[in-house]
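Note sheet for the following structure.
All residue numbers in this chain count up from 1 along the given sequence. All of these numbers come straight from a predicted model, not from anything done at the bench.
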Amino acid sequence: MTQQTQTSQQPQTSPQPQNVRQTPDRPHGCPPPDPAPEPAGQPYVHDAVLAMWAPSFVASRPDGDLGADVDGFYHGDRRCLSSLRVTVDGVHLAATNAATESANRAAFDAVLRGVAQRTPDPAVTLRRERTVFPGRFTETVRLANYGSLPARLTVRIEAESDFAAMEAVKAGAAAAPVAPAADAGRLVWTSGTERMTLSAHTTATDTDAHTAVSVSGTRGTFAYDVPLAPGESWHCELTGRADADSATPFLPVTEDARPWRDLQLTCADADFSRLLARSEQDLARLLLADPQAPGDLFAGAGAPWYLTLFGRDSLWTARMLLPLGTGLAAGTLRALARRQGRATVPATEEQPGKILHEVRAESRELADGKRLPAQYYGTIDATPLWISLLHDAWRWGMPREEVAALLPNLEAALNWLVEYGDPDGDGLLEYVDSTGTGLANQGWKDSGDSVRFRDGSLATAPIALCEVQAYAYEAATAGAALLDAFGRPGADRYRTWAARVREAFRAGFWVPDEHGPYTAIALDADKRPVDAVTSGMGHLLGTGLLDAEEERLLADRLLAPEMADAYGLRTYASDNGGYNPVGYHVGSVWPHDTAIAVHGLARAGYPEHARRLAENLIAAGPAFDSRLPELFAGTARSASSRPAPYPASCRPQAWAAAASVTLLQALLGIEADVPAGRLTVRPVTGGLLPLTVSGLNVAGQPLSLSVDADGVVSTRTSAPLEVVTQAPAPGDQGNSATEATAIEVPATEASAPGAA
C-alpha cells in the first residue's frame with residue numbers, strides 16, 4: 001500500500017498537496033485557531049446541538065466537538081465530560097452538516113479538505129454519529145476515502161472532564177479539569193463518588209494501523225494511525241459512561257414507557273405536521289420517573305438548565321398533553337402530591353398544602369447571590385395549577401379511583417389558596433420572597449425585572465399577578481366541582497372565595513389608555529395596578545374570571561401589533577418602556593405563553609383571533625428545525641424572515657414542545673367532559689384543512705378525527721361519549737352565553753407608577 005502523507009511526493013496532475021489545506025491567513029499545515037473565549041456570564045446555547053434522554057444529554061458545537069462553555073456530556077446536574085474533540089493532524093476539518101436525527105441522536109459531517117484529491121472535489125469525509133442514553137452515550141467516528149489516491153492520517157480523540165455543577169456552568173464560572181487515568185485502554189475520571197469512563201473500540205485489522213491511549217495533564221487522548229486506500233473506510237466507536245447518580249433525584253424512563261400513543265397529523269400545513277412530530281419525540285425524551293413510585297412519570301422542564309421536576313412547568317406540560325391521555329397528568333399530580341407542603345418552613349418557603357417549585361439533587365448557590373434549597377417551594381402558581389390539572393384530567397377521563405386518591409391533597413391545596421396564598425385576605429394571591437435569597441418574582445415570569453410599570457420602572461413586592469388570579473379563580477371553582485362530584489364537604493367555601501377573587505380582580509386590575517381598558521400585569525405592594533401591557537392577559541381568557549365584554553376587550557388587545565406582530569405573542573408590548581425583543585420576559589416570545597393565549601381565545605369564542613396567533617407561532621418552527629425553544633426574540637415578522645433565537649434558551653423545553661399539542665387542541669376546538677359523557681369538537685377553519693389526526697385519547701380510549709376542506713368533522717373513538725360537533729360562528733363573536741358587566745377603571749393618573 002502506498003503511504004500518503006503531507007510530505008509525500010504528489011503526482012503532477014494533483015493541483016495541491018493532498019493532506020493539508022493552504023490558506024493565505026494561516027501557515028501551511030496549521031490547524032484553525034481556537035475561537036475567542038466567551039465573556040463571563042451565562043453561556044449562549046442557541047447554536048448548540050443537543051441530543052438527550054433524560055436525565056442525560058450531550059451539548060456540542062455544530063461540528064460535533066465539545067469544548068465551548070456549555071458543551072459537555074451531562075448526567076442530571078453534573079457535567080461528566082467537558083471536552084471531546086476529534087482532530088486529524090495537519091488537516092483542516094470543514095464542517096458541512098449537523099442534524100438532530102431524533103431527540104437522542106445527532107450526526108455531524110465534515111470533509112478533510114485537500115486530502116487524497118485529484119480535483120477540487122472533496123475525497124475524504126468524516127462522519128460522527130452520536131446517540132445518548134440515560135447515563136451514557138455512544139459515538140461512531142467514521143472516515144471514508146472516496147478518492148482515487150491513498151492517504152495516511154493520524155486521528156486524535158481528546159477528552160477532558162471537570163464534573164462541574166450545572167449552576168456553575170450556567171453562571172459561566174470556570175471549573176478546574178480533573179486529571180484522568182489510563183486504565184486498560186480506557187480513560188477514567190473520578191471526583192469523590194462520581195466517575196466518568198470513556199472507551200474506544202475500532203475494528204481495524206490493517207497491521208499498519210495502531211492506537212495509543214495517553215494522558216497529558218488533564219487531557220486524555222486516543223490516537224490512531226489510519227491508512228485509507230481508495231474506497232476504504234475506518235471507524236471507531238466511543239462509549240462514555242457516567243456513574244453520577246447523586247446528580248439527579250429522579251429516574252430515567254424506558255422507551256416503551258411513554259404514556260401516550262404515536263401522534264400522527266396530516267394537514268395542509270407541512271410545517272405544523274413537522275412541528276408536532278418533533279415536539280412529541282422531544283417530550284418522550286424529557287420524561288422522568290419518581291423513584292418513590294417508578295410508574296409515575298412527569299416531564300422534566302428542559303435542557304440544558306432545568307432537566308428536573310418543576311411544579312409549574314411539569315403541570316403545564318401535563319395539562320397541555322391531556323388530549324394524548326391522562327397518564328402523564330396522573331404521574332405528575334402524584335409526584336408533586338408526595339412532596340406537597342406539610343409544615344411552615346421559612347427557609348424553603350414550604351407551607352401546608354403548597355405545591356413546590358423545583359427539586360434538585362442538592363442546594364444551589366446562584367450567580368446573583370441567590371441560594372435555592374434542593375426542594376424549593378418559592379412559587380405562587382404551582383398550587384392552583386395542580387388543582388386545575390386534577391380537575392381537567394378528571395374531565396378527560398382519569399380513572400375515578402385515581403382522582404379519589406388525590407382528594408386529600410386537593411383539600412390541602414384549596415386550603416392553601418385561602419389561608420396562605422392570600423395572606424392579607426383581600427381575595428388575591430400574592431407573593432414576596434420571605435427568605436431574601438430566593439426568587440424575587442414567583443410567577444412564571446420569574447426574572448427579577450419582569451414585573452414593570454408601563455414606563456419601565458420596577459414594581460415592589462408583595463406582587464399580585466394578573467394571570468395568577470385567573471389560575472386561583474379557576475382552581476377554586478374547579479376544586480369545588482370536584483368536591484361536589486365526590487361527595488366531599490367544603491365546596492361552598494371555595495365558590496364564595498372565587499367570587500371574591502373575581503370581584504377584587506375587576507376592582508383592582510383594569511386600567512385605561514388611549515385604546516381603551518385592559519388589565520395590568522399586577523398589583524404592587526401598595527395595591528396599585530402595574531400598568532404594563534403584557535401577555536398575562538392571554539392567561540385570563542376562558543378561565544371564567546372575566547365576562548364576555550371583558551374577554552372581547554382583551555382578545556382585541558392581544559392581537560394588536562404591539563403584542564402580536566411577531567412570531568407569536570410578545571411577553572411585553574413593544575410600546576412599553578423598557579421593551580427589549582431579546583429580554584427574557586420583557587419583549588420575547590415564549591411558545592407556551594402564546595399557546596395558552598391561543599387556547600384561551602378559542603375557548604372564549606374568538607376562533608379567528610386564535611387562528612391568526614397560532615399561525616404566527618407555527619411559522620417560527622422552520623427557523624428552529626421544528627424544535628421550538630423556551631423563548632425567542634420578539635422581533636416583528638415584517639422586520640425579519642425568521643425569528644432570532646434568545647441565545648441562552650433551553651431547547652428542547654417541555655412546555656414549548658407541548659405548545660404544539662395545545663395549538664392543535666385549540667384549532668380543533670376539542671373539549672372533553674367525560675363525567676358528563678360528552679366530547680365537543682369545534683374546528684377553526686383556515687390553512688390547516690383538510691386535516692387528519694390520530695393518537696389522541698379520551699376516557700382511556702383512542703380518538704382520531706378528520707376535518708375536510710369544508711370543515712366537516714368525522715370522529716372515531718370507542719369511548720362511550722356523545723360527540724358534539726359545532727361549526728364556528730361566522731366571525732369572532734365571543735362567548736355570548738356569558739353575561740357582560742360594565743367595566744369601571746381607575747382614572748389614568750391613579751394607575752401611574754410610583755418609584756421602583
Side-chain angles (χ1 to χ4, degrees), residues 265 267-269 271-273 275-276 320 323 515-519 533 535-544 546-570 573 589 591-621 634 636-638 659-671 680-691 693 705-713 724-738 740:
L265 171 68
C267 68
D269 188 337
D271 287 340
F272 189 34
S273 296
L275 179 64
L276 197 67
M320 289 174 161
H515 302 297
Y518 66 97
T519 55
V533 180
S535 63
M537 295 183 293
H539 293 235
L540 312 182
L541 300 173
T543 63
L546 309 178
D547 65 28
E549 175 59 15
E550 291 167 338
E551 289 190 320
R552 183 193 68 78
L553 289 168
L554 295 192
D556 290 341
R557 193 59 173 248
L558 286 168
L559 270 292
E562 295 80 15
M563 290 297 297
D565 69 354
Y567 287 86
L569 186 68
R570 291 190 181 96
V589 170
H592 88 283
D593 186 35
T594 299
I596 290 168
V598 169
H599 189 227
L601 287 163
R603 291 182 70 186
Y606 293 89
E608 182 62 20
H609 287 58
R611 182 190 64 79
R612 288 163 54 196
L613 194 56
E615 287 177 349
N616 280 356
L617 183 58
I618 292 168
R637 290 189 67 175
S638 60
S660 61
V661 178
T662 295
L663 294 184
L664 181 67
Q665 180 187 0
L667 295 175
L668 291 175
I670 304 175
E671 297 293 339
T680 302
V681 183
R682 184 181 180 178
V684 175
T685 57
L688 297 181
L689 304 183
L691 175 152
V693 61
L705 59 86
S706 61
V707 187
D708 68 18
D710 296 322
V712 177
V713 180
V724 180
T725 59
Q726 302 175 6
D732 283 348
Q733 301 299 321
N735 187 351
S736 58
T738 305

Where do [X] and [Y] come nearest, in terms of heavy atoms and distance?
X    : Y    : answer
V693 : L668 : CG1-CD1, 4.1 Å
A666 : V684 : O-CG2, 4.0 Å
L558 : A564 : O-CB, 3.3 Å

- Tell me, with the steps shown, if I596 and L541 meet side-chain contact (heavy atoms from CB on, under 4.5 Å). CA-CA 9 Å; I596 290 168; L541 300 173; over 6 Å; no
Roughly how far, to the nearest 0.5 Å, is [atom2] of [Y] from [atom1] of [X]?
X    : Y    : atom1 : atom2 : result
R603 : E551 : CZ    : CD    : 9.5 Å
L667 : R611 : CG    : CZ    : 9.0 Å
D710 : L689 : CG    : CG    : 9.0 Å
L553 : M537 : CG    : CE    : 10.5 Å

Residue pair [X] / [Y], side-chain heavy-atom distance below 4.5 Å:
X    : Y    : result
V707 : V712 : no
Q665 : E671 : yes
V681 : V724 : no
T594 : Y567 : no

- Message: Working note: R637 + D565, criterion side-chain contact (heavy atoms from CB on, under 4.5 Å); need CA distance, chi angles, decisive distance, verdict.
- Response: CA-CA 6 Å; R637 290 189 67 175; D565 69 354; over 6 Å; no
- Intermediate values then yes/no, side-chain contact (heavy atoms from CB on, under 4.5 Å), L540 and T519: CA-CA 10 Å; L540 312 182; T519 55; 3.6 Å; yes
- Message: The test is side chain to side chain donor-acceptor pair (under 3.5 Å); show your working for D593 and H539 and say whether it passes.
- Response: CA-CA 8 Å; D593 186 35; H539 293 235; 2.6 Å; yes
- Message: Can you tell whether the side chains of E608 and R612 come within less than 4.0 Å, N to carboxylate O?
- Response: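 No.
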